[in-house]
Structure formats: structure tokens, C-alpha cells
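Below: one structure, written as C-alpha cells.
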Amino acid sequence: MQLRKADIVLSVSGHDKGKLFFILAIDEGFCLLANGKEGRRVDRPKRKSVKHLQFVDRYDCETAHKLEKGECVENYELRRDLARYCESRKIPRG
């Protein structure tokens, strides 16, 4: 599956292995990721190869719509919607 902006992905390698992120941007085989906490805020996204990511879902939420439109998102919005996603799917937050 082709990854796109606003998808939720799982890191499968590195020190952030097992954590969920929103894709903020995609460029030449790399994604910019943020989850709103743990040093991965919107202003300092993590650059990670798509080979080290696993697609999780295209979550229908306000944050995803804002990302798709190219609008500014806040860190609390990323945290809130990732928490809601995990709660709705009964996924433990790591």
C-alpha cells in the first residue's frame, strides 16, 4: 500500500520501535513523522525511511483532514487523535 500524508504508521525499527505516528510529509522514500510528544513534535518531526514503517490505518479525524489540506496542526491534536485511535481499537499506547 502506498503511504500518504496523514496516515497513521507504526515504527518497526529504531529506538522508537512500536510507536504510532502521523505522517506529516513524504519525500523521496522518507517520511516526516510526529506524534506530538517524546521529542517528535510538529516543529521537529522524525525523518524515517518508508522501509522502517508499517501502515496502520487511514483514520478519519479532524487532524488527518487538516494534514491532508496542508493546514497547521498542533501537538495536542496529534496526541489527542492518536489516543482516540488507540482507545477505539483497544491498542495499548506505548
Side-chain angles (χ1 to χ4, degrees):
M1 173 171 273
Q2 185 73 17
L3 294 176
R4 66 180 192 193
K5 188 187 258 191
D7 284 351
I8 295 177
V9 292
L10 177 71
S11 174
V12 294
S13 69
H15 73 280
D16 54 9
K17 182 178 180 178
K19 295 184 179 169
L20 295 176
F21 296 93
F22 273 106
I23 296 178
L24 303 183
I26 301 175
D27 183 39
E28 298 181 18
F30 289 89
C31 293
L32 293 179
L33 309 172
N35 63 3
K37 64 178 185 174
E38 301 168 9
R40 296 299 164 216
R41 298 186 177 282
V42 173
D43 58 333
R44 294 197 56 174
K46 169 74 175 165
R47 183 174 183 258
K48 197 161 185 94
S49 171
V50 295
K51 296 185 296 186
H52 300 145
L53 299 173
Q54 179 182 343
F55 172 79
V56 175
D57 202 357
R58 289 201 169 104
Y59 188 46
D60 186 26
C61 63
E62 181 181 344
T63 302
H65 295 295
K66 288 173 81 171
L67 287 170
E68 289 170 348
K69 293 178 187 176
E71 296 177 9
C72 184
V73 295
E74 299 291 330
N75 291 308
Y76 79 89
E77 294 174 301
L78 296 174
R79 289 191 306 267
R80 177 193 65 205
D81 286 335
L82 283 173
R84 286 179 181 170
Y85 177 80
C86 290
E87 186 178 302
S88 70
R89 306 299 193 282
K90 297 191 179 4
I91 298 171
R93 286 275 289 162

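Index from 1, following the sequence.
- To the nearest 0.5 angstrom, N75 atom CG is 12.0 Å from R40 atom CZ.
- The side chain to side chain contact (heavy atoms under 4.5 Å, CB included) test with F22 singles out one residue from L32, N35, L82, and that residue is L82.
- What you find for I26 and I23 is that their closest heavy atoms are CG1-CG2, 3.6 Å.
- How far CG of L33 is from NZ of K19: 12.5 Å, rounded to the nearest 0.5 Å.
- Residue L3 comes nearest to V9 through the heavy atom pair CD2-CG1, 3.8 Å, listed as atom of the first residue, atom of the second, then distance.
- Ion pairing between K5 and E68 fails under the 4.0 Å rule for side-chain N and carboxylate O.
- Summarising the local packing, CD of E87 is surrounded by 12 or fewer heavy atoms from other residues, nucleotides or ligands at distances under 6.0 Å.
- When the side-chain hydrogen bond (donor to acceptor under 3.5 Å, both in side chains) test is applied to D16, the partners found at least two apart in sequence or on another chain are S11, K48.
- Within the structure, ring-ring contact (aromatic ring centres under 6.0 Å, His included) contacts touching residues 64-89 (residues at least two apart or in different chains) are Y59-Y85.
- Distance CG/D57 to CD1/I91: 8.5 Å, rounded to 0.5 Å.
- With a 4.5 Å cut-off on side-chain heavy atoms, R79 and R41 count as touching.
- Taken together through direct or relayed side-chain contacts under 4.5 Å among Ile, Leu, Val, Met, Phe, Trp and Tyr, L10 and L78 form part of one hydrophobic cluster.
- Other residues, nucleotides and ligands contribute at most 12 non-hydrogen atoms within 6.0 Å of the CZ atom of R44.
- With sequence neighbours left out, the side-chain hydrogen bond (donor to acceptor under 3.5 Å, both in side chains) criterion links R47 to no other residue.
- Contact detail for C61 and D81: the closest heavy-atom pair is SG-OD2, 3.6 Å.
- The shortest non-hydrogen separation linking R4 to D7 is N-OD2, 3.0 Å.
- With values rounded to the nearest 0.5 angstrom, L20 atom CG is found 10.0 Å from Q54 atom CD.
- Here the closest non-hydrogen pair linking L67 and A6 is CB-CB, 3.8 Å.
- You'll find the side chain of F21 stays beyond 4.5 Å of the side chain of I8, heavy atoms only.
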Q) Please walk me through it: do R80 and T63 pass side-chain contact (heavy atoms from CB on, under 4.5 Å)? A) CA-CA 9 Å; R80 177 193 65 205; T63 302; 3.8 Å; yes

